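Remarks on the structure that follows.
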Amino acid sequence: QVQLVESGGDSVQAGGSLRLSCVVSVYTDSRHCLAWFRQAPGKEREGVAIISTPGGGSSGVTYYADSVKGRFTISRDNAKNTEYLQMNSLKPEDTAMYYCALRRGFCTMEVGEYDDWGQGTQVTVSS
């Protein structure tokens, strides 16, 4: 029912910027949470940023992992059904496969709690 498609991943030098996009086929009008996760080789998938809505299309709170706070910004364009992750001052440790995800209900950074996932887009940051 819900399809998420990420794009925007690339290989960049440290200090560079990228903007990831996630087109959501259908936004639920109920309370839900959109999030970005990332997974580096040999590591577990971790939450990066979330943006919530309490329902009815209302905007909600955003949350960022400490490792990206001040550098990454999550946003959404409801008219385009698109979620964005603006990534600035990229570091080699940001290298990972980035996934957008949707959870119905309350927001959480627990991977297993998300209902729908995109296929991922690769971000590689070179020193």
Side-chain angles (χ1 to χ4, degrees):
Q1 303 87 294
V2 177
Q3 182 174 316
L4 310 175
V5 181
E6 305 99 330
S7 63
D10 205 349
S11 297
V12 299
Q13 293 292 110
S17 298
L18 287 173
R19 188 179 75 164
L20 306 184
S21 300
C22 176
V23 178
V24 184
S25 61
V26 178
Y27 272 104
T28 177
D29 194 44
S30 301
R31 177 188 289 135
H32 67 277
C33 186
L34 290 170
W36 286 97
F37 289 79
R38 67 185 182 187
Q39 186 168 20
K43 296 185 177 181
E44 295 184 348
R45 193 168 298 183
E46 62 178 352
V48 176
I50 60 174
I51 183 166
S52 68
T53 177
S58 299
S59 297
V61 69
T62 58
Y63 174 81
Y64 300 92
D66 289 341
S67 60
V68 307
K69 191 174 298 182
R71 299 188 297 121
F72 291 10
T73 303
I74 188 171
S75 63
R76 64 186 293 179
D77 186 331
N78 187 253
K80 297 181 179 179
N81 290 340
T82 302
E83 174 192 19
Y84 301 99
L85 184 68
Q86 178 66 46
M87 305 185 295
N88 298 324
S89 301
L90 284 163
K91 304 175 180 179
E93 49 262 47
D94 295 319
T95 296
M97 184 73 74
Y98 284 72
Y99 302 88
C100 61
L102 181 148
R103 184 184 192 273
R104 299 176 180 87
F106 295 105
C107 281
T108 176
M109 279 296 190
E110 294 296 324
V111 170
E113 296 293 331
Y114 277 76
D115 300 297
D116 299 282
W117 292 85
Q119 293 285 58
T121 185
Q122 179 68 40
V123 172
T124 302
V125 184
S126 301
S127 61

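None of the values given here were measured: they were computed from a predicted structure.
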Salt bridge (Lys or Arg N to Asp or Glu O under 4.0 Å) with Arg71: which residues, sequence neighbours excluded? Asp94
Closest approach of Thr82 to Ser21 (non-hydrogen atoms, all atoms of both residues): CG2-CB, 4.2 Å
Looking at Gln122, I want to see if its CD is surrounded by more than 12 non-hydrogen atoms of other residues, nucleotides or ligands under 6.0 Å. yes
Minimum heavy-atom separation for Ser127 to Pro92, with atom names? CB-CG, 4.0 Å
Evaluate the side-chain proximity of Arg76 to Thr62: yes if any heavy-atom separation is below 4.5 Å, no if none is. no
hydrophobic_cluster_shared for Leu20 and Tyr64, side chain cutoff 4.5 Å: yes
Would you find a donor on one side and an acceptor on the other, under 3.5 Å apart, between the side chain of Thr124 and the backbone of Ser11? no
Are Asp115 and Val2 packed together at the side-chain level, in the sense that at least one heavy-atom pair is separated by less than 4.5 angstrom? no
Side-chain heavy-atom pair Trp117, Arg45 within 4.5 angstrom cut-off: yes
Would the distance check show the side chain of Thr95 and the main-chain N or O of Val125 forming a donor-acceptor pair, the cut-off being under 3.5 Å? yes
Using modelled atom types and a 3.5 Å cut-off, is there a donor and acceptor pairing between side-chain atoms of Ser52 and backbone atoms of Cys107? no
Do Arg38's NZ or CZ and the ring of Tyr99 fall within the cation-pi criteria of under 6.0 Å and 45°? no
Is it the case that the side chain of Tyr114 and the backbone of Thr108 share a donor-acceptor pair, with hydrogens and angles ignored and the cut-off at 3.5 Å? yes
Evaluate the criterion side-chain contact (heavy atoms from CB on, under 4.5 Å) for residue pair Ile50 and Leu34; output intermediate values, then yes/no. CA-CA 6 Å; Ile50 60 174; Leu34 290 170; over 6 Å; no
Looking at Glu113 and Arg103, is any side-chain nitrogen of the basic one under 4.0 Å from a carboxylate oxygen of the acidic one? yes
Are Phe37 and Val123 joined in one hydrophobic group, where the rule is that I, L, V, M, F, W and Y side chains link up if heavy atoms are under 4.5 Å apart? no
Taking salt bridge (Lys or Arg N to Asp or Glu O under 4.0 Å) as the test, write out the residues that go with Lys91, two or more places apart. none
Consider only side-chain heavy atoms of I, L, V, M, F, W and Y, link residues closer than 4.5 Å, and tell whether Val111 and Ile51 are in one cluster. no
Min side-chain heavy-atom separation Val24-Gln3 under 4.5 Å: no
No-hydrogen, no-angle side-chain donor-acceptor test under 3.5 Å, Asn88 and Ser17: yes
Is Met109 reachable from Leu85 through a run of hydrophobic residues whose side-chain heavy atoms are each under 4.5 Å from the next? no
Are Trp36 and Phe72, when compared by the centres of their aromatic rings, separated by less than 6.0 Å? no
Side chain Glu6, main chain Gly120, donor-acceptor under 3.5 Å: yes
Is it true that, when you exclude Glu44 itself, more than 12 heavy atoms of the residues, nucleotides or ligands shown sit nearer than 6.0 Å to its CD? no
Is there a path from Val68 to Tyr98 through hydrophobic residues (I, L, V, M, F, W, Y) whose side chains come within less than 4.5 Å of each other? yes
Given the rule in the side-chain contact (heavy atoms from CB on, under 4.5 Å) test, do Gln86 and Ile74 qualify, once you have shown the distances and angles that lead to the verdict? CA-CA 6 Å; Gln86 178 66 46; Ile74 188 171; over 6 Å; no
